[in-house]
Amino acid sequence: MPARHVADMVRQGASLEALADEFDLTPDQVSAAILFDRVSPRQGRPPRKARRVVPAP
C-alpha cells in the first residue's frame, strides 16, 4: 500500500485505527506514512500558479 494513499485517506477523515485494521498495518506504520507524506515532496511538475493581471494605468 503506497504511503501517500494512506496519508490521503487520513486527510479525508479516516481514523488511524480503522486504517490499521483494514489494511493490516501497525499504528506506527500509519504514522510513518503520514510523516513521509509531509516531509517528502511529490514528484512531477509543480501546480501552475495563476498569473496576477495588473490593469494598465
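Numbers for residues simply follow the sequence, beginning at 1.
Contact annotation: the side chain of R4 approaches that of F36 to within less than 4.5 Å [non-hydrogen atoms, C-beta and beyond]. Taking the side chain as every heavy atom from C-beta outward, V6 and V30 approach each other to under 4.5 Å.
Identified under the salt bridge (charged side-chain N to carboxylate O under 4.0 Å, His left out) test for residues 19-36, with sequence neighbours left out: none.
Grouping Ile, Leu, Val, Met, Phe, Trp and Tyr by side-chain contacts under 4.5 Å, direct or through others, puts L35 with V39.
In R11, the CZ atom is crowded: over 12 heavy atoms of neighbouring residues, nucleotides or ligands sit closer than 6.0 Å.
Among all heavy-atom pairs drawn from A20 and P27, the shortest one is CB-N, 4.4 Å. Nearest heavy-atom pair across A7 and A33 is CB-O, 4.0 Å.
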Residue pair D37, V10: steps toward the side chain to side chain contact (heavy atoms under 4.5 Å, CB included) verdict
CA-CA 11 Å; D37 188 56; V10 170; over 6 Å; no
